[in-house]
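Per chain, numbering begins at 1; letters A, B, ... match sequence-line order.
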Amino acid sequence: MSQPYYLSTAISYPNGAPHIGHAYEAIAADVMARFRRSQGRDVFFLTGTDEHGLKMAQAAREKGIEPAELAHEMSQMFKDMCDNLDITYDRFIRTTDPDHVKAAQTIWKKMEDKGDLYLGRYEGWYSVRDEAFYDESELTEGEGGAKLSPQGTPVEWTVEESWFFRLSNYGEKLLDHIAANPAFIQPDSRRNEVVRFIEGGLKDLSVSRTSFDWGVPVPGSPDHVMYVWLDALTNYITGVGYPEGGDKWERYWPADAHLVGKDIVRFHAVYWPAFLMSADVELPKQVYGHGHLLGEGGIKMSKSLGNVVDPREMLGRYGVDALRYFLMREVPFGQDGSVSEEALVTRVNAELANSFGNLAQRTLSMIHKNCDAIIPEAGKASEDRKLLDDVMAACDEKLPAAFDRWAFSTGIEAWLSAVHACNAYVDAMAPWGLKKTDPARMAEVLGTLAAAIAPLARAIAPVSPHGSAAILDQLAKGEEGNPIEKPTPAFPRLELPAKEEKCA
RNA sequence: GGGCCCGUAGCUCAAUGGUUAGAGCUGACCGCUCAUAACGGUUAGGUUGCAGGUUCGAGUCCUGCCGGGCCUACCA
């Protein structure tokens with residue numbers, strides 16, 4: 001049996017339509033999942049939606065529907081997004097799934113048995129919109145003397161009975177674990193932040209709410225629902241069979257990686273492992289905090305600036321392969337990076353369509369026309385060997401080494417150099433000239449190119465699966481001396497829609 | 001306030017303290033005509049944010065400043 005690989009994305013809070021950030025994380029995780037499968041790993045890939053909490057309850061009330069109904073509707077939008085992006089998840093988990101509710105209650109009981117939960121009182125300034133308590137000193141004064149949170153949202157003085165988790169007991173244990181497992185939090189810059197946060201001292205964490213009931217009921221305290229993060233994080237173990245156990249659980253837990261945005265690294269690298277330690281469950285091997293996508297000029301995307309990129313629009317306009325390739329190629333993973341439609345079109349046309357797609361097209365086309373559509377054997381001349389060696393080094397070593405450490409753009413860059421080498425080889429060999437002077441050599445050259453294109457298509461398949469499959473299909477038709485069909489471009493050129501007039 | 005990171009070509013980014021700071025995109029020029037008007041080659045472009053310091057030698061290390069970002073605490 002092959003080596004298991006368990007990967008998760010964060011589950012999305014579906015209080016609005018999916019945005020490009022959701023698409024980005026799903027794509028990155030899917031690229032990793034497909035890459036691992038291509039290495040022969042037995043992958044389990046989990047994604048889903050986090051549906052409980054006050055905001056969902058309120059949104060439902062405003063619409064005059066049940067929270068469960070709203071959650072269902074909104075969750076479907078996220079599932080559709082994943083399906084449209086060809087995300088190959090093994091399970092789309094919802095925190096409203098019955099097995100998840102049971103898992104969340106079970107981990108709660110384990111933590112309670114450990115003596116890590118106690119009943120207390122929480123009073124303070126609470127912002128409904130932020131779902132957070134603030135200290136008096138953090139507040140600012142708004143219009144008419146109204147008190148506002150640091151985010152500018154209204155706050156109310158709230159007194160709540162609440163269960164607390166003894167997070168304060170876990171600081172040392174967490175630091176020890178982090179020190180002993182350098183890969184636990186990646187990239188390093190994120191780890192440093194987490195370490196510093198823990199060193200600053202951990203306070204006990206409020207883990208239940210009584211002010212609303214849209215959540216997982218606390219066992220034995222019917223007035224309380226579990227804190228959304230405790231509920232949400234538990235999805236990672238529900239997804240593989242906690243608490244029942246069984247084959248999946250034995251096989252996939254602990255997870256190889258939780259892929260999350262840098263904004264929620266703390267929940268995954270501090271709270272979550274502390275919960276797991278308390279419940280005597282092994283910790284995941286890695287939490288990777290990726291960067292955020294920014295608008296043009298590195299400006300944060302926001303509705304008011306009108307620079308928000310809608311993934312569904314991009315998808316409709318340019319297709320899955322292009323969007324996936326662009327996001328993985330353009331931004332060094334782990335860092336923030338800016339994206340724009342123009343950059344997408346430029347990048348995809350130059351690299352996917354012109355460099356690689358056209359390489360496949362011109363090669364297959366020449367084989368189709370000049371070799372009776374039969375793919376010739378690769379040549380044995382030193383230039384031929386050199387080219388294939390370079391291609392194999394890129395596809396079998398450089399790209400995988402980069403993808404192993406989530407460095408997608410670096411891996412793709414190595415792949416692209418090999419593509420460029422192929423185009424230079426075509427130019428140097430000029431098979432269209434050999435056609436008249438040395439047809440046998442022409443065949444060798446075209447065979448060499450065909451032999452190069454196959455691994456190149458396989459290597460980029462996790463990123464751009466459709467076009468890669470199209471090329472591999474065309475090549476597969478030519479196996480065992482069968483003729484290939486007249487080739488069609490696998491990665492079409494894109495066009496930027498005509499610019500709207502800006503003058504009023 | 002404390003801490004961390006970044007600043008390199010018009011743009012996006014590389015460069016264990018060690019030759020003349022590199023690559024892609026964009027631009028200019030040349031070549032090719034198999035191919036999705038695609039490909040290849042040449043070339044231009046730099047006071048490495050600023051000022052000092054350490055060193056035989058600094059983009060890299062140290063100090064200060066300017067600018068940008070992130071984490072975090074607090075005062076009024």
Could you tell me the separation between the CD atom of A/E199 and the P atom of B/G2, rounded to a whole number of Å? 18 Å

Quick check for you: among B/U36, B/G40, B/C70, whose closest atom lies nearest to any side-chain atom of A/A353? B/U36

Kindly determine whether A/F326 and A/Y24 satisfy ring pair (Phe, Tyr, Trp, His ring centres under 6.0 Å), including the steps that lead there. CA-CA 10 Å; A/F326 173 66; A/Y24 182 53; 9.9 Å; no

Test salt bridge (charged side-chain N to carboxylate O under 4.0 Å, His left out) on A/K386 and A/E383; report intermediate values, then the result. CA-CA 5 Å; A/K386 170 76 166 63; A/E383 310 92 279; over 6 Å; no

Apply side-chain hydrogen bond (donor to acceptor under 3.5 Å, both in side chains) to residues A/T95 and A/D231 and explain how you reach the verdict. CA-CA 7 Å; A/T95 52; A/D231 170 359; 4.6 Å; no

Figure out the CG/P separation between A/L364 and B/U36, and round it to whole Å. 11 Å

Going by an N to O cut-off under 4.0 Å, is there a salt bridge joining A/K380 and A/D384? no

For A/Y236, which residues count as a ring-ring contact (aromatic ring centres under 6.0 Å, His included) partner, sequence neighbours excluded? A/H258, A/H268, A/W272

Protein-nucleotides 30-34 of chain B N/O pairs closer than 3.5 Å?
residue	atom	partner	partner atom	Å
B/C34	O2	A/R362	NE	3.2
B/C34	N3	A/R362	NE	3.4
B/C34	N3	A/R362	NH2	2.6
B/C34	N4	A/R362	NH2	3.1

Distance-only donor-acceptor hits, side chain of residues 195-203 of chain A, under 3.5 Å, sequence neighbours excluded:
none

Close N or O pairs between protein and nucleotides 5-13 of chain B (under 3.5 Å):
none

Taking atom C1' in both B/U55 and B/G45, what distance in whole Å separates the two? 32 Å

Say whether, by atom type as modelled, one donor and one acceptor occur between the side chain of A/R209 and the main chain of A/Y227 under 3.5 angstrom. no

Pairwise C1' distance for B/G52 and B/G68, with rounding to whole Å: 23 Å

Does the ring pair (Phe, Tyr, Trp, His ring centres under 6.0 Å) test come out yes or no for A/F491 and A/Y325, once each step is laid out? CA-CA 11 Å; A/F491 295 105; A/Y325 182 85; 8.0 Å; no

Are A/R312 and A/M81 close enough that some pair of their side-chain heavy atoms sits under 4.5 Å apart? no

Could you check how far CD1 of A/I484 sits from P of B/A35, rounded to whole Å? 13 Å

Nearest-Å distance once atom C1' is located in both B/A21 and B/U60: 11 Å

Checking only heavy atoms, does the side chain of A/N354 share a donor-acceptor pair with the base of B/A38 at less than 3.5 Å? no

Take N1-N3 plus N6-O4 or O6-N4 for Watson-Crick, N1-O2 plus O6-N3 for G-U, both under 3.5 Å. Which runs of 3 or more such pairs involve RNA chain B? B:1-7 with B:66-72, B:10-13 with B:22-25, B:27-31 with B:39-43, B:49-53 with B:61-65

Quick one: label A/G200 by what it contacts on the DNA or RNA (base, sugar-phosphate, nothing), any heavy atom closer than 4.0 Å. nothing

Taking the C1' atom in each of B/C5 and B/U42, what is the distance between them to the nearest angstrom? 39 Å

Roughly how far apart, to the nearest Å, are B/U19 and B/G1 at atom C1'? 47 Å

A/D86 vs A/R324 side-chain heavy atoms within contact, under 4.5 Å: yes

In whole angstrom, give me the gap between the C1' atoms of B/C6 and B/C29. 37 Å

Where the side chain of A/N423 meets the backbone of A/S355, is there a donor-acceptor pair that is under 3.5 Å apart? yes

Does the distance from a Lys or Arg side-chain N to an Asp or Glu carboxylate O, for A/E341 and A/R317, drop under 4.0 Å? yes

Taking RNA chain B as the partner, which of residues 377-397 of chain A come within under 4.0 angstrom of it by heavy atom? none

Could you work out the separation of B/C13 and B/U8 based on their C1' atoms and round it to a whole Å? 9 Å

If you measure from the P atom in B/A9 to the same atom in B/A15, how many Å do you get, rounded? 15 Å

Output the single nucleotide from B/G24, B/C39, B/C70 whose closest atom is nearest the side chain of A/S355. B/C39

Would you call A/K262 and A/D336 a salt bridge, using N to O less than 4.0 angstrom? yes

Test your reading of the model: is there a side-chain donor-acceptor pair from A/S409 to the backbone of A/E330, 3.5 Å cut-off? no

Under 4.0 Å: is that the gap between some side-chain N or O of A/R196 and OP1 or OP2 of B/C4? no

